[in-house]
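Read the structure below first, then the notes.
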Amino acid sequence: MSAVLKSSRVIEVHSPFTGTVSGTVPMATVDDVRQAFATARAYKSKLTRYDRASILQKAATLLRERVEAASDLITSESGLCKKDSIYEVGRVCDVLNFSATEALKDDGQSFSCDLTPHGKNRRVFTKREPLLGAISAITPFNHPMNQVAHKVAPSIATNNRMVLKPSEKTPLSAIYLAELLYEAGLPKPMFTIVTGDPREIADELITNVDVDLVTFTGGVSVGKYIASKAGYRRIVLELGGNDPIIVMEDADLEEAATLAVQGSYKNSGQRCTAVKRMLVQESVAERFVDLVVQKTKAWSYGNPTDRKMEMGTVIDEAAAKQFEARVNEAVAQGARLLVGNLRQGALYSPTVLDNVKPEMTVVKQETFGPVSPIIRFGNIDEAIAISNGTAYGLSSAVCTNRLDYVMKFVAELQVGTVNVREVPGYRLELTPFGGIKDSGLGYKEGVQEAMKSFTNLKTFSLPGA
Ligand code: NAD
């Protein structure tokens, strides 16, 4: 049996670089989706903690053995370069391994009840149980396999049943991961993939009666649509970002510029936590801009299958055209184009824009590609105001060694994460991750937090201590 439901209608998946067909997937109907949820809900897993950990560990081992094949597939459907897709596969292995380890941990608590004058000789215990219904998961294109891993691995670790709809732009990596999990011993009803046109099946994924929780990673507009539709069920939303790197006057500029370009161009700039705005204190701006330009010119891009490339394409030509248009608009409004803004199909070159103003679309909206807009500021209060001045609140990077600055940033930046002298995207797959404002409702992902959100906490009490 394959990981997806069969269908006579198919969706073609194209390589963004060559335009050729990388594969086809079934186009599910609403009835197919209903059937998938009914099967998921009806299945009650009997897997022990040991069984779940073993499956997850085995899947990690299998994936490590197949890193070339898996990364080729990611590259073929997403246009991400081999360096990026190999890194992605390594991250998926980490997610599987952390989930295996967490599955072995009993996080139950116990409370003695004789703590107050009216206390009793009893004890309250807690335990986490899988949800009664199914989990509905919806993932974006930018990390085609890792976003799927972040949904399914904690679901397996907690003995849940999940139906997942990957992005219609990159469904092949999701199916690959599902097949691998089955091979590692996962009972098929615990994970089903449905592929299809969101205009047709998305509402069913959000409102189906068998769904207890919708976990979504993607853009703000779809996230808010889900919030408006989901009704009385749990939702976890990981939405867009507009993350700054803030460079203070005392920063090591070489280090700051390296972090800035890496944060801006890795994964073709398509990370929710990519550096999307570079805020630099005006007294060091000239030197910082020079370094960013120099490092941008050295950032190779082109054929994604060429192992030497540091960047492949973006997801499609439409996305590349949007970046081009936003950069052109900013230039017309007074920004200075220093490098890039070259486009050929879905290939878009690393691009540096100086003299950017916070009200320009390129930084007011999330520009989900390899664009480095530089904004200058006078003092830390201005930097914080600019940083907080968009609708987003995902992550941030600050480059400084002054403890007073660091503590002020940690206290005043309206974000889910502050990374000091590191890219905004830095994290372990295990650690809590997620944003506030339009970037998310404050519930976190990361293996540990996802396991909490995917479970019901039950308490029970017994007489005696
Ligand atoms: P998207 O919102 O366009 O699509 C995401 C998923 O939602 C896809 O599977 C799509 O088919 C589905 N979808 C489309 N319409 C839907 C509807 N009406 N109801 C339910 N689902 C629907 O996002 P994208 O372009 O694939 O991904 C890029 C976005 O994802 C960026 O904004 C990025 O910042 C964000 N993102 C956020 C995180 C995070 O953890 N915060 C991580 C990665 C990406």
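In Lys165, the NZ atom is crowded: over 12 heavy atoms of neighbouring residues, nucleotides or ligands sit closer than 6.0 Å. Counting heavy-atom neighbours within 6.0 Å of Gln344 CD, excluding the residue itself, gives a total of 12 or less. Around atom CZ of Arg287, no more than 12 heavy atoms belonging to other residues, nucleotides or ligands sit under 6.0 Å away. Heavy-atom contacts from other residues, nucleotides or ligands closer than 6.0 Å to NZ of Lys105 number more than 12.
Comment: Lys58 does not engage Glu183 in a salt bridge, judged by the lack of any side-chain N to carboxylate O separation of less than 4.0 angstrom. A salt bridge links Asp404 with Arg402: the distance from a Lys NZ or Arg NE/NH1/NH2 to an Asp or Glu carboxylate oxygen falls below 4.0 Å. One finds no salt bridge joining Glu310 and Lys83 here, because no Lys/Arg side-chain nitrogen approaches an Asp/Glu carboxylate oxygen to under 4.0 Å. Residues Arg277 and Asp243 are not paired through a salt bridge, judged by the lack of any N-O separation under 4.0 Å between the basic side chain and the carboxylate. Ionic pairing of Lys408 and Asp381 is present here: one or more N-O contacts between side-chain nitrogen and carboxylate oxygen are shorter than 4.0 angstrom. Note on Lys364 versus Glu359: no salt bridge recorded, every NZ/NE/NH1/NH2 to OD/OE distance being 4.0 Å or above. The pair Lys169-Glu77 does not meet the salt-bridge criterion, since no charged nitrogen lies less than 4.0 angstrom from a carboxylate oxygen. Between Glu254 and Lys295 there is a salt bridge, with a side-chain nitrogen of the basic residue lying less than 4.0 Å from a carboxylate oxygen of the acidic one. Between Arg326 and Glu329, none of the side-chain N atoms (NZ, or NE/NH1/NH2) sits under 4.0 Å from a carboxylate O, so this pair counts as no salt bridge. Under 4.0 Å is where a charged nitrogen must lie from a carboxylate oxygen, and between Glu422 and Arg427 no such pair does.
One distance of note links OG1 of Thr390 with CG of Asn242; it measures 4.5 Å at 0.5 Å rounding. Here the straight-line distance linking atom CD1 of Ile193 with atom CG of Leu177 works out to 7.0 Å at 0.5 Å rounding. Atom OG1 of residue Thr139 and atom NE2 of residue His150 lie 12.0 Å apart, to the nearest 0.5 angstrom. Put simply, CD on Glu449 and CG on Leu430 are 9.5 Å apart, with the number rounded to the nearest 0.5 Å.
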Problem - CA sep, side-chain torsions, deciding dist, call: Lys82, Thr75, side chain to side chain donor-acceptor pair (under 3.5 Å) - result: CA-CA 6 Å; Lys82 275 291 277 183; Thr75 288; 5.7 Å; no
Exercise for the section: Could you walk me through whether Val148 and Leu164 pass the side-chain contact (heavy atoms from CB on, under 4.5 Å) test, one step at a time? Expected result: CA-CA 8 Å; Val148 176; Leu164 181 139; 3.9 Å; yes
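With hydrogens and angles ignored, the 3.5 Å screen pairs a side-chain donor or acceptor of Asn388 with a backbone N or O of Glu412. Distance alone, capped at 3.5 Å, places no donor-acceptor pair between the Asn303 side chain and the Gly312 backbone.
Counted by atom type alone, Asn341 and Asn328 present one or more donor-acceptor pairs between their side chains at under 3.5 Å. With 3.5 Å as the limit, one finds no donor-acceptor pair spanning the side chains of Ser76 and Ser15.
The two residues Ser268 and Val314 make their nearest non-hydrogen contact at O-CG1, 3.9 Å. Residues Glu200 and Ala28 come closest through the heavy atom pair OE2-O, 4.1 Å.
If you run side chain to side chain contact (heavy atoms under 4.5 Å, CB included) between Ile226 and each of Val214, Leu205, Thr215, Leu239, only Val214 comes through.
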